[in-house]
Amino acid sequence: MKKYEHKKIEEKWQKKWAEKNMYEHKDDQSKEKYYVLDMFPYPSGDGLHMGHTESYTASDIIYRYKKLQGFDVLHPQGFDSFGLPAENYAIKTGVHPKETTETNASNYIKQMKMLGLGHDLDHLVYTSDLSYYKWTQWLFGKFFENGLVEQKTDKINWCPSCNTGIANEQVEDGKCERCKTEIEQKEVPGWFFKITDFAEDLINDLDKVDWPEATKKNQKAWIGRSEGAKIKFEIRNSKFEMNDEILNDENEKSNVVLVHGCPSDKEKEMEPETRTYDKHWQPWIKKELEKRGVEVSFPLMPYPWTPIYEEHKKEFEKLDINENSILVGHSCGANFLVRWLSETGQKIKKLILVAPWNEPSHKNKIKAEFYNISEVDYSFKNNISEGVIIFTSDNEEKIGKDTAKMWTDKLDAKLIELKDHGHYTEGEMGTTEFPELLEEVLQTDNQGVITDLEVFTTRPDTLFGATYLVVAPEHLLIKNKELKINNYNEVREYINKAKNKTEMERLESKSKTGVKLEGLMAVNPANGEEIPIFVADYVLGGYGTGAIMAVPAHDERDYAFASQMNAERTRKYAERTQTDAKKIEIRQVVAQKFVGEGENAIRKDKPMTERRTVDVIIKHWEKDEFFCLDWNKKTGKNWHSFVVGGVEEGETLEEAALREAQEETGYKNMRAVKQVGGEIHSYFYAAHKGVNRAPVKRNCIYLELTDGEWEEPAEEHTKNHDGVWVKKDKVAQVINLSELKIYWNIFIGKQDALFTGQGEMINSGQFDGMDSREAKKTITEFVGGEMTTNYRLRDWSISRQRYWGCPIPIVYSPEGKAKFVGEKNLPWLLPEDVDFVPTGTAPLAKSKELKERTEKLFGKGWTPEVDTMDTFVDSSWYFLRYPDPENEKEFCSSEKLKRWLPVDLYIGGAEHTYMHLLYARFFVKAMHKMGLIEFNEPFLKLRHQGMVLDKDGIKMSKSKGNVVNPNDMVEKFGADATRMYMMFAAPLDEEVVFKEEGVKGVYRFLEKTWKLFQDKVLTDCEGDCGEIPKELPVLLHKTIKGVTEDIEEMKFNTAISKLMIFINEFSKHEKVPRGAMEKFLILLSPFAPFIAEELWYSLRESQTDADLTRTNAEEVESIFNQEWPKYNPEMIKEEEIELVVQVNGKLRDKIKVSADISEEEAREKSLASEKIQKYTKGKEIRKVIFVKGKLINIVV
RNA sequence: GCUCGGGUGGUGGAAUUGGUAGACACGCAGGACUUAAAAUCCUGUGAGGUUAAACUCGUGCGGGUUCAAGUCCCGCCCCGAGCACCA
């Protein structure tokens, strides 16, 4: 008996198959085609890894199986041989990428042969070969001619280490996919494929293909289609007059002089910084001005009644006050300026007077004289080129309201009134709403429509709830100089910060940041309201219009931002002024809707009545218990609610809640704490009233009892229900109505108060009551917006500043116009005279040869494109080259295209779900559109292989040192065992845990198989001659059926288990039928080709002497030229089965019966069984369920 | 946080789509062969229970639908992968 020596056998057949050119593909038109494709490898120095082994084995099984079934199968292979690792290796070692590629590829080929993979390795495709990239360039030319590729200057992801642009899809965690360096943003001109043109088809056509659902979903998500509307908002400038200067160039900038206030009598000997006004008001105004981008000089004032008058006067005179100056004076500073201007006749640009002093109130003689402004000659107003603005306030005696009014007249000034200028108490400048008011002044002093801002939203229905806008930091609006953003410096700072923020930083701070654009506002087109505008980096420049309308009541991000801003601004103002800032309003415009069902359903024949109600959550005064109503009395059911009552005309929710709570509970003292959740609409039929409640508009208020003072409630409130106290953790169980549950969940913080769903419109003018889905379109139309579809997908940037890639076949005219090099100049060769070391410019720019070639062909002054293409371009069409790899005239002949494409089965890793598959699909669609091919989906069926993990279930990686090398496994157990284990260990698409023990198990199976062929007497008897028991041929046919079906569904693990069952069973017998053994070998051959071929030959050779009169082994046809066996349905038809007998669904007995037993008979027989009688005795048989050929269930 | 997968013996995994839970394999235990070990072969192997059986419990947890649930429905927990504010 020969031993199973896997090494010998495998070496032998590797050689023989090579000699016979077993896998060379020759078109056989008489057969039906099948195209099974692997994702081709990048030829790395590490060689094939276990993942390759798994997926290539799977495709090889299908290849062999289909071939045995009589298909003409194309099973090609190639190498994705352009790419970074070879170039990086070249940079390090100086070895040309071409060499590295060849060495590595030949190693791959050796490994593939070793594994017995039946790829046609004589017709390999290398993407770096000029016979291939010629056609990549040709296709680029076609795309160019058809406007499907264009040059754009765009901000791209830039890897500073690779010195190249990177597609969004190739960025992981803000890092370069290959080298893990942090990605920067850089403005680079480059070529872009217009993949977005095909977004719609790329989504829709997924329905046509047989792919894993998850992959389809991922592709759809990646393309990210969303339906919505574009809506225009008018942007108005509510500018502070100061702003003209702000955005102007440095040299035109005005100087602003803010003068100190005057000291009181008490203060006149104090240093200016310590005086009341100069301590508070002036620095504040200075700060506010500086915040708006204005540089302010702040000179000391030469008030004549101070001891340091002369000194200050000198300093003041030194100031460069000219026609371009803006003078700002506050309080007595204002008066001083008026006086000074009238006396000196100084020409200035603008005068701003804030809160002038009230002249008559001065008792101090010098002061009074100085301030005798009624005597002043006001003709100086002609010296002021842009006018005078006066802020005043109406609440303080001291503030010169009259003075201000007088000046307004005399100086033709513009008057802006503040409600409150501030209070002077005990020598301190105290509370003031001035900053807030100043901003309000800025907001309302609007200058008319400056521009439109378009936003994209998926929820146009919530437009009435849009209480602010947000633009992305990169939005052009901010760069619009006309707008004169007051706090431009602050905004600019924010934008710079946002730009420099790394992805990591953005992830770390989950909270949202942003800055209000002061001096700007937008008009909500739905209701004409003026709303603020913010810049914030939670809005992305590249998506939609780069601007959003924010609806904090119905969008989580907007809500988070609004809450944060409100808190922040409140804090900021509180620091400064101890008052609240104006808050962003969170306005609900969609109410969640509930519709009664069953007996509560709306009845068309009954009247509809609207009602406004309040649900009241009432907490016990000391215990953690809540007041609920038990309706058992009335309904007879265990039905609980909170206190619910109507809201009467003119009543607030809180008033109604308090009133109802007192009436219903009898408790007297309570306080309203807060509103819980928003408005909810309920529609139902109220049987006791005989009317439809359509709708009940409900809200919820939370009350706390302050003590237990109580009085029996009126009978009308207790006749229907009892009041009960329920513990906090029991409330959720007790409450029945969904609406109340929602309020409760919001109350206990289990559910967000935010409602992001669809419902019924409220607070939306004439649209109230409309379904929000319907309102989307209606409201969009109402405001002149446009319904659009938006995609997340962006155009595909393919320019790479690298050497080892396909040159972009473009040249530029002296004027800089791009031109395709033309078909006759293809291949547009990758130059050889290039230094690989990256310097930031593309390596090809250093090629003299390329430059000369361009000038020679196109004329002087012409320059070549020096970027190469993203390698994803190469891999986007390689499967089109496979059927015709040697064709020099076409990328693939039309006959071959017609015969072989599309691909019938594509197998590869799930990591290519997004990019590669999307790009390849895009290529096919674009080529289809250009009329180059007739189909528009490349891969009809797609399957992924799962990851291969080490024995502890950990991802294999070099750094962990747990990588299993296929070579070692083949050495130890042979290719057959390795292949089979990979297929047996888990379903193809799930993770494989690689355990050597497991490989041993499969090896044992192969040995057992081997032994079976050595030991057993083979008989030609096929089962009806009495020599062998009938079970064997039956098992054979079952195995054929099972294995065939499993392979069809690519359930290789169960197919192998069926082969094992076969061998286990056959091993038990002395004599086994030869025919069955032969058929078994064919079933085995796709999985374990070597041993199957060897045993096949040995079987046939031994037959040679006996009866086949063959003379040598060479004449035996390979097992792979045989026919896949078919099973005989008659054979596997069971005549006798084990009928399962259940009582009440529990297995109690099994009885042997004929397969076609009738229900009657089965019933009789099973009831006759002793075991069954044990359970049925004395009981009535209520029901019998009979499943033919399977089971009978007796219900007692 | 969102999306998609997935929770079945000691382990990898089966289960005709609602019909005998645990196929097949690994591991483990016992036995045979052997001076011995390895290899091989045989037997057993979800838990409890018993001399054995009967029987009971069992597919992440809780509930539901059904004659019957690993499979369907509702709620929750855990694990894995992917995505990163997509308006």
Side-chain angles (χ1 to χ4, degrees), chain A residues 172-174 212-218 220-226 228-229 455-460 462 466 470 472 503 506-507 510-512 536-540 542-551 554-558 560-561 790-794 910-911 913-914 946-947 949 951 953 955 980-981 984-987 989-1002 1004-1005 1007-1008 1011 1042 1045 1051 1053-1061 1064 1067 1138-1150 1171 1174 1182-1187 1189-1196:
Chain A
E172 280 175 357
D173 272 358
E213 279 311 310
T215 306
K216 287 190 189 184
K217 268 186 187 148
N218 283 339
K220 281 181 192 171
W222 191 267
I223 297 164
R225 179 195 157 101
S226 47
V455 305
F456 174 74
T457 176
T458 54
R459 294 294 304 271
T462 61
V470 187
E503 202 78 12
R506 282 178 75 173
L507 293 183
K510 282 261 189 277
S511 60
K512 299 195 168 17
D537 65 5
Y538 85 92
V539 173
L540 308 175
Y543 184 77
T545 61
I548 60 158
M549 61 178 225
V551 186
H554 299 285
D555 182 279
E556 282 178 41
R557 291 150 306 169
D558 297 343
F561 181 76
N790 204 34
Y791 300 93
R792 195 188 93 118
L793 185 70
R794 280 179 246 171
E911 67 272 18
T913 300
Y914 300 108
M947 228 188 301
L949 308 175
K951 60 182 190 332
K955 227 175 180 170
M980 267 191 119
Y981 174 69
F984 179 61
D989 56 352
E990 270 168 48
E991 292 166 347
V992 174
V993 176
F994 196 91
K995 286 188 183 166
E996 270 199 42
E997 300 297 335
V999 189
K1000 263 189 220 161
V1002 179
R1004 256 176 241 162
F1005 160 72
E1007 268 187 324
K1008 228 165 155 183
K1011 235 173 112 202
E1045 286 170 357
K1051 287 158 69 176
N1053 55 335
T1054 51
I1056 291 170
S1057 89
K1058 277 162 192 147
L1059 294 172
M1060 287 173 168
I1061 293 169
N1064 288 345
S1067 296
E1138 262 194 343
L1139 187 76
V1140 171
V1141 188
Q1142 296 178 332
V1143 179
N1144 287 346
K1146 280 194 178 148
L1147 175 71
R1148 294 302 178 191
D1149 198 9
K1150 295 173 189 177
K1171 285 184 187 168
K1174 222 167 98 186
R1182 301 216 316 263
K1183 204 172 175 184
V1184 172
I1185 282 126
F1186 178 69
V1187 182
K1190 261 201 191 107
L1191 66 78
I1192 183 160
N1193 186 12
I1194 297 154
V1195 186
V1196 294

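Chain A is the first sequence line, chain B the second, and so forth, proteins listed ahead of strands; every chain is numbered from 1.
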Legend entry - Pair partner, B/rC57 [Watson-Crick or wobble, under 3.5 Å]: B/rG46

Inset, instruction - Assign A/Ala214 to base, sugar-phosphate, or nothing according to its heavy-atom contacts below 4.0 angstrom with the strands shown. - result: sugar-phosphate

Inset, instruction - Say whether A/Asn1064 and A/Lys1008, considering side chains only, have a donor N or O and an acceptor N or O under 3.5 Å apart. - result: yes

Legend entry - B/rG6 to B/rA15 separation - P atoms, rounded to the nearest Å: 14 Å

Inset, instruction - Kindly label the base of B/rU17 as syn or anti, based on whether its glycosidic torsion lies within 90° of 0. - result: syn

Inset, instruction - Provide, to the nearest angstrom, the distance between the CD atom belonging to A/Glu1045 and the C1' atom belonging to B/rA15. - result: 15 Å

Legend entry - Sequence-distant partners of A/Tyr981, ring pair (Phe, Tyr, Trp, His ring centres under 6.0 Å), two or more places apart: A/Phe994

Inset, instruction - At under 4.0 Å between heavy atoms, which parts of nucleotides 53-60 of chain B does protein reach? Answer with one letter per nucleotide, 5' to 3': B base, S sugar-phosphate only, - none. - result: -SSSS---

Inset, instruction - Can you label the angle between the A/Tyr538 ring and the A/Phe561 ring as parallel, tilted or perpendicular, going by 30° and 60°? - result: tilted

Inset, instruction - Report, as a single string ordered 5' to 3', how protein heavy atoms within less than 4.0 Å touch nucleotides 20-32 of chain B: B base, S sugar-phosphate only, - not at all. - result: B--BBSSS-----

Inset, instruction - May I have the distance from A/Asp537 (atom CG) to B/rC86 (atom P), rounded to whole angstrom? - result: 13 Å

Inset, instruction - Could you state the atom-to-atom distance from NZ of A/Lys220 to C1' of B/rC86 in whole Å? - result: 18 Å

Inset, instruction - Provide the distance between the two P atoms, one in B/rG49 and one in B/rA68, to the nearest whole Å. - result: 30 Å

Inset, instruction - Could you check how far NZ of A/Lys217 sits from C1' of B/rC4, rounded to whole Å? - result: 7 Å

Inset, instruction - Give the C-alpha distance, both sets of side-chain angles, the deciding distance and a yes or no for salt bridge (Lys or Arg N to Asp or Glu O under 4.0 Å) between A/Arg1004 and A/Glu1007. - result: CA-CA 5 Å; A/Arg1004 256 176 241 162; A/Glu1007 268 187 324; over 6 Å; no

Inset, instruction - For B/rA32, give its Watson-Crick or G-U wobble partner with both distances under 3.5 Å, or none. - result: B/rU40

Legend entry - Same-atom distance (P) from B/rC2 to B/rC76, integer angstrom: 12 Å

Inset, instruction - Could you tell me whether A/Val993 contacts a base, only the sugar-phosphate backbone, or nothing, with contacts defined as non-hydrogen atoms closer than 4.0 Å? - result: nothing

Inset, instruction - Verify the contact: side-chain N or O of A/Arg792 to OP1 or OP2 of B/rC83, cut-off strictly under 4.0 Å; return yes or no. - result: no

Legend entry - Syn/anti state of B/rG10 by chi, 90° boundary around 0: anti

Legend entry - Heavy-atom pair of closest approach, residues A/Val1002 and A/Met980: CG1-CB, 3.4 Å

Inset, instruction - May I have the distance from A/Glu990 (atom CD) to B/rG13 (atom P), rounded to whole angstrom? - result: 6 Å

Legend entry - Inter-nucleotide C1' distance (B/rG62, B/rC77), Å rounded: 10 Å

Inset, instruction - Can you tell me the pairing partner of B/rG80 across any strand shown, Watson-Crick or G-U wobble, with both distances under 3.5 angstrom? - result: B/rC4

